[in-house]
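The basis for the numbers below is simple: all heavy atoms, side chains too, and nothing from hydrogens, waters or symmetry mates. Sequence lines set the chain letters: A, B, ... in the order given, protein chains first and strands last, and positions in each chain run from 1.
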Amino acid sequence: MAAPETSTAAVPSLYTNNALRNAFGGVLSFFILLLIGVMAFSIRLFSVIKYESVIHEFDPYFNYRVTQFLAKNGIYEFWNWFDDRTWYPLGRVIGGTVYPGLTLTAGTIWWLLNSLNIPLSVETVCVFTAPIFSALASWATFLLTKEVKGTGAGLTAAALLAMVPSYISRSVAGSYDNEAVAIFALIFTFYLYIKTLNTGSLFYATLNSIAYFYMVCSWGGYTFIINLIPMHVLLCIVTGRFSSRLYIAYAPLVVLGTLLAALVPVVGFNAVMTSEHFASFLVFIILHVVAFVYYIKGILSPKMFKVAVTLVVSVGLAVCCAVIAVLIALVASSPTKGWSGRSLSLLDPTYASKYIPIIASVSEHQPPTWPSYFMDINVLAFLVPAGIVACFSPLSDSSSFVVLYIATSVYFSGVMVRLMLVFAPAACITSGIALSQSFDVFTRSIKFQLPGISSNTEVDAAETSSATAEAQNDAVKTEKSEETSKNRPSKKSKKKEKEEKPSTKAKAEKRLIALPLDSSVISLLLLILLGAFYVVHCVWAAAEAYSAPSIVLTSHSHDGLHVFDDFREAYAWLRHNTDVDDKVASWWDYGYQTTAMANRTVIVDNNTWNNTHIATVGTAMSSPEKAAWEIFHSLDVKYVLVVFGGLVGYPSDDINKFLWMVRIGGGVFPHIKEPDYLRDGQYRIDSQATPTMLNCLMYKLSYYRFVETDGKGFDRVRQTEIGKKYFKLTHFEEVFTTHHWMVRIYKLKPPKNRIRGKTKKSKSKTSSASSRAKRSGMGKKNPWH
Amino acid sequence: MSKFWVTFVASILILLPFLCNSFSPDTPTDRHVLVLLDDFAIKSSHSSYFNSLRSRGFDLGFKLADDPKIALQRYGQYLYDALILFCPSVERFGGSIDVAAIINFVDSGHDLVIAADVNASDLIREVASECGVDFDEDPSAMVIDHNGYAVSEIEGDHTLIASDDLIKSDVILGSKKITAPVLFQGIGHSLNPVNSLVLKVLSASPSAYSANPKSKLSTPPSLTGSAISLVSVVQARNNARILISGSLSMFSNRFFRSGVQKAGSSTKYEKSGNEQFFTELSKWVFHERGHLKAVNVKHYKVGETNEPALYRINDDLVYSVEIYEWSGSSWEPYVADDVQVQFYMMSPYVLKTLSNDKKGLYSASFKVPDVYGVFQFKVEYQKLGYTSLSLAKQIPVRPYRHNEYERFIPTAYPYYGAAFSTMAGFFIFSFVHLYNK
């Protein structure tokens with residue numbers, strides 16, 4: 001608080017000089033931010049340039065279809081949309097089961113552009129939504145980090161986030177998924193929380209609730225926010241940092257945020273009834289108790305206060321125990337303890353693999369490997385610890401939030417590879433802090449020791465700190481504001497006063513760290529080199545690793561580039577050659593694509609809400625032909641679609657997914673037993689395979705006529721010759737196989753017109769059967785010739 | 001005489017391509033029938049049967065089974081609506097006809113009459129077995145019944161059976177009861193009990209068995225009792241109808257005219273039941289009876305007339321369908337009280353008997369269940385002797401829209417009160433707190 005008036009008067013020139021520098025810095029950082037936004041957008045366009053402007057993967061197709069519906073029918077129809085083309089015959093209430101944020105965002109953009117007479121198609125808008133929002137996300141990162149450690153750290157963090165591969169993987173152009181907008185919403189919500197925490201302004205608190213509402217609209221990952229913020233509040237309370245700013249930052253968020261969240265149809269009463277939201281209410285109560293205690297403490301004398309504490313504690317404990325007992329009983333009475341399966345698998349990483357094969361079967365729910373950390377955040381992995389250390393010097397409310405954020409997200413990313421996406425912004429923020437702090441230290445040391453300026457060292461050092469290390473200033477500010485937190489009304493004026501003379505104050509408080517010149521220069525160069533590596537890696541990842549749309553595959557070989565466009569070929573065939581109301585059965589991975597691209601009714605899709613229905617399809621796929629035919633027939637299925645990679649070596653085909661069909665099917669229908677399909681604990685399709693395996697529908701549909709391709713039936717994915725090469729289908733007939741055999745479509749044969757008697761004359765029987773088979777085999781397209 | 005027949009057949013052959021369009025779903029009765037014979041003697045020996053057919057308007061084309069020029073279809077069009085195989089001993093058909101051709105003929109919705117006999121050829125057996133009928137494997141076996149044989153002047157080997165064990169179906173055998181026993185002499189066959197498409201029309205008595213009457217019975221007979229079927233009919237899933245008899249002589253003039261007295265029975269009938277039996281049965285086989293059609297499937301909300309694209313849960317709706325029966329010359333309203341409609345999604349949620357107005361219009365009204373999903377209106381009408389009606393119409397049922405719920409629920413009024421009183425209380429409290437100094 002040593003802010004002498006004299007110093008202002010003494011150095012007016014310094015002040016004007018400083019203001020100019022600030023203004024210059026402001027303009028500079030504005031342009032830097034602009035460039036960061038442009039980079040974030042353009043680094044994600046590799047997929048459009050290398051492939052085409054097309055929606056990627058699986059879930060984006062559903063989002064695209066929903067957006068089309070929204071654009072065509074308006075928001076009320078979308079809200080009440082009952083989709084009868086999926087989950088046949090159950091249907092799905094899309095409006096009530098979808099997170100509408102992404103759809104509404106893209107729909108609004110489309111509507112806006114169209115009302116401005118810019119006639120873009122819905123698909124184009126959808127393709128470019130993710131890059132736009134990653135630019136927004138990097139700006140939000142700037143704001144958040146700036147709140148924590150100053151502008152320099154903010155800019156660095158924003159630049160890092162703009163090209164972090166983990167985020168690129170989910171937000172390249174065409175990757176039209178919830179995460180694309182949700183990461184922006186997540187960071188922005190955190191920014192507003194920190195902003196409220198730093199300013200204590202109800203305005204920001206309200207904005208924070210609205211940002212939280214947007215996040216709830218966008219992604220199921222909002223539970224991360226509603227658990228992380230209470231954790232931080234609790235941390236602040238426990239470490240004695242309770243303040244009215246904390247109250248303002250938290251209480252409106254819980255009340256308004258919960259009310260708003262309950263408005264989203266997919267969340268509804270879950271916002272108050274599931275255990276995921278429970279922590280926020282508990283902390284809400286604790287916060288009020290603590291606030292009350294502070295209030296009492298203020299009006300009572302210390303002696304009276306002690307008496308009151310003993311009284312309240314003894315009564316309060318009894319009441320608390322009773323309430324907690326009731327709550328525990330309530331929660332324990334539900335089988336999953338009130339938690340959803342996905343959340344439980346976060347808390348207990350082995351939960352899903354033990355109990356819910358359908359969650360375990362999704363590849364993005366698997367734990368990541370170490371290389372994937374290096375792939376996804378690259379050098380940030382090394383910078384994060386330094387950033388955490390920087391957050392501790394000094395520790396403020398906001399920097400403790402960053403520490404908490406990174407600590408929890410590291411854990412979650414270790415459980416589920418998908419949550420790497422939540423970890424990436426935290427890593428960028430801490431790395432940004434680390435980088436900017438070390439740059440700060442090194443440049444200051446150099447400046448300090450350069451002979452030219454050494455005469456003016458003192459002023460320069462002070463100015464440097466004011467210009468680049470607003471972080472210190474900020475830290476001081478927070479420290480100071482904490483001291484003054486009790487007498488709030490005076491705070492604003494003091495802050496203003498403080499901002500007037502930051503240089504002198506910083507100078508007074510700062511411990512000067514000066515390193516030797518040569519080592520600073522070398523470290524600086526090394527840091528720049530590190531950054532360069534990061535940039536090179538990010539560009540490579542964006543260009544090569546994460547831009548493939550997965551519906552079009554390419555491969556390079558000695559004789560050039562091969563393009564595998566089999567999926568769209570198959571979906572186009574379905575769209576043009578089948579009846580509008582025909583039902584297509586496939587494993588659930590291809591459900592969204594079939595409805596969106598082929599416009600045919602599917603039995604199950606990627607929204608895995610009904611385990612029994614998926615298990616029915618899994619059972620059919622792992623049953624022998626006749627049983628499978630009966631299952632499919634009972635579901636009115638006309639066509640069965642299987643994905644087969646054995647010819648071209650496409651590894652994520654249905655045979656490799658088959659173990660999940662068996663497990664999920666066996667989980668509901670016990671007559672499917674996994675050991676029947678295993679030889680020595682392995683799924684095999686070669687000559688060692690079990691008879692059950694060789695007779696199941698999936699094997700037959702995948703390998704039917706496969707031996708005709710090379711004469712041996714060599715599967716290039718499993719690297720082996722198949723076990724059963726020559727067989728006929730009795731209840732299914734092949735109707736279409738794509739160019740590279742990646743998608744094969746079969747039709748269910750109608751029930752026999754007559755039922756044959758039992759003849760023992762095998763001679764005549766086989767002859768007539770073969771003649772009929774020959775007839776049906778004729779005119780069929782053999783894609784190999 | 002034979003020359004006349006040849007010209008007759010030739011003229012029919014020439015005219016057939018022009019005549020054959022007469023069979024259609026609108027008039028399901030067959031018109032053009034090809035009769036394949038072992039030899040032309042059968043034509044005169046079985047003339048009563050053929051005449052009864054001809055008198056009802058059928059064009060019969062007689063051919064020898066090994067005639068090299070016979071064909072069932074030409075240029076992808078079938079020349080005949082039905083086929084009668086009175087050629088139990090043929091080893092190989094002439095022309096382009098083989099087992100597969102006959103089976104395809106049936107599978108494309110045409111009718112078939114097969115008369116086998118003792119020593120029936122493998123070919124006939126194979127056709128029968130494709131249709132689900134297994135003749136006794138011993139080729140010289142006959143059905144013998146020492147209790148139910150027909151009394152005749154000489155004590156024979158009891159292979160001439162007088163059976164009165166007929167199927168009880170007015171549709172198949174006509175409404176007039178066949179009182180006289182039906183004479184049978186020939187090979188028996190068995191049916192697979194799980195085969196739901198094939199029906200025993202005339203079965204043997206419990207004391208019958210199937211064996212070679214000339215040799216001594218060394219091993220127990222494979223077919224015994226009422227498991228033996230003498231005459232069976234098949235209605236395929238596409239409603240093609242097939243008649244299979246183990247005896248060709250049943251159709252003959254001799255059997256039609258002869259009197260019959262069943263062993264152990266004192267009543268002697270002047271005339272056997274064969275003529276009536278086969279006349280009525282041929283009416284069924286050739287779709288003059290028991291052929292239903294369902295048209296004008298409609299459903300709409302109560303109080304409306306247009307068919308909606310989807311229903312809401314708890315809607316009241318009306319389902320109606322018109323069902324007619326072919327009488328041989330025109331479509332007559334079908335009257336029954338057992339037609340049911342299902343509102344079906346994996347299992348029937350609503351199963352309701354349709355009421356009819358005696359003019360063929362069946363209707364039912366019901367409430368859509370409180371379950372949303374893609375439902376089907378299903379009518380699965382499978383009645384003995386009638387063609388099966390299988391109607392399915394898909395209709396989605398949606399949940400309530402967001403603004404179709406009640407806005408204010410009476411039971412929730414205490415909560416509304418609590419909410420608003422808290423708001424008011426808070427407002428007053430803030431007012432007092434801020435300005436009470």
Side-chain angles (χ1 to χ4, degrees), chain A residues 75-97 255 259 263 265 268 579-583 601-603 610 612-613 616 631 633-636 750-765 767-775, chain B residues 98-100 103-104 106-109 112 122-123 125-135 137 189-192 194-198 232 234-240 242 244 309-310 312-313 344-347 371-376 392-404:
Chain A
I75 186 161
Y76 281 105
E77 289 302 313
F78 165 55
W79 185 1
N80 292 301
W81 186 15
F82 173 70
D83 186 6
D84 58 347
R85 302 196 74 76
T86 180
W87 290 95
Y88 181 85
L90 306 169
R92 179 183 169 196
V93 185
I94 299 272
T97 58
V255 177
L259 281 176
L263 292 181
D579 202 45
V580 179
D581 278 333
D582 281 348
K583 282 86 191 167
T601 309
V602 295
I603 306 299
N610 188 324
T612 315
H613 221 49
T616 308
I631 292 172
H633 188 70
S634 73
L635 290 169
D636 297 329
K752 283 220 180 81
N753 192 31
R754 296 155 289 105
I755 302 175
R756 287 172 50 90
K758 39 172 201 281
T759 35
K760 276 148 202 155
K761 293 186 201 68
S762 56
K763 171 190 69 79
S764 55
K765 191 175 161 185
S767 75
S768 70
S770 71
S771 73
R772 217 168 303 156
K774 210 179 289 163
R775 213 173 312 119
Chain B
D98 57 4
V99 175
I103 293 310
N104 280 340
V106 171
D107 286 348
S108 51
L112 179 66
D122 281 350
L123 190 65
R125 286 164 177 274
E126 203 182 312
V127 173
S129 112
E130 283 284 345
C131 302
V133 167
D134 300 305
F135 284 109
E137 287 182 29
H189 58 259
S190 66
L191 311 174
N192 187 353
V194 299
N195 189 339
S196 56
L197 302 176
V198 56
S232 301
V234 180
Q235 179 166 276
R237 290 210 169 87
N238 63 353
N239 292 327
I242 302 161
I244 296 170
L310 79 174
R312 197 195 65 193
I313 54 173
Y344 182 94
M345 181 176 77
M346 295 209 278
S347 59
V371 179
Y372 57 80
V374 183
F375 281 82
Q376 283 175 316
K393 195 164 192 181
Q394 182 176 317
I395 185 82
V397 173
R398 66 170 171 83
Y400 286 117
R401 286 174 66 92
H402 68 279
N403 53 3
E404 283 174 336

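- Of the atoms belonging to B/Gln376, it is side-chain heavy atoms, and not backbone ones, that fall under 4.5 Å from chain A.
- Contacts of A/Asp636 with chain B are made by side-chain atoms alone, with heavy-atom separations under 4.5 Å and no backbone atom involved.
- Using a cutoff of 4.0 Å between basic side-chain nitrogens and carboxylate oxygens, A/Glu77 and B/Arg401 are scored as salt-bridged.
- Rounding to the nearest 0.5 Å places CZ of B/Arg237 at 9.5 Å from NZ of A/Lys752.
- Applying a 4.5 Å heavy-atom cutoff, the residues of residues 89-97 of chain A that approach chain B are A/Pro89, A/Leu90, A/Val93.
- Other residues, nucleotides and ligands contribute only 12 or fewer heavy atoms inside 6.0 Å of the OH atom of B/Tyr372.
- For the atom pair OG1 of A/Thr616 and CE of B/Met346, the computed distance is 7.5 Å after rounding to the nearest 0.5 Å.
- A/Tyr76 and B/His402 have parallel rings, their planes meeting at less than 30° on a 0 to 90° scale where 60° marks the start of perpendicular.
- In this structure, B/Leu197 CG and A/Arg756 CZ are separated by 14.0 Å, a value rounded to the nearest 0.5 Å.
- In this structure, A/Arg754 and B/Ile103 have side chains that are in contact, with non-hydrogen atoms separated by less than 4.5 Å.
- With chain A as partner, the option from B/Ala240, B/Ser190, B/Ala236 having the largest number of non-hydrogen pairs under 4.5 angstrom is B/Ala236.
- Residue contact with chain B, scored on non-hydrogen atoms closer than 4.5 Å, involves the backbone and the side chain of A/Pro751 alike.
- Of all non-hydrogen atoms in A/Phe82 and B/Pro399, the two that sit nearest each other are CD1-CD, 3.8 Å.
- With a 4.5 angstrom heavy-atom cutoff, A/Asn753 touches chain B via backbone and side-chain atoms both.
- The 12-atom threshold is not exceeded at CD1 of A/Ile75, counting heavy atoms of other residues, nucleotides or ligands nearer than 6.0 Å.
- By number of non-hydrogen pairs under 4.5 angstrom with chain A, the leading residue of B/Val194, B/Val374, B/Val106 is B/Val374.
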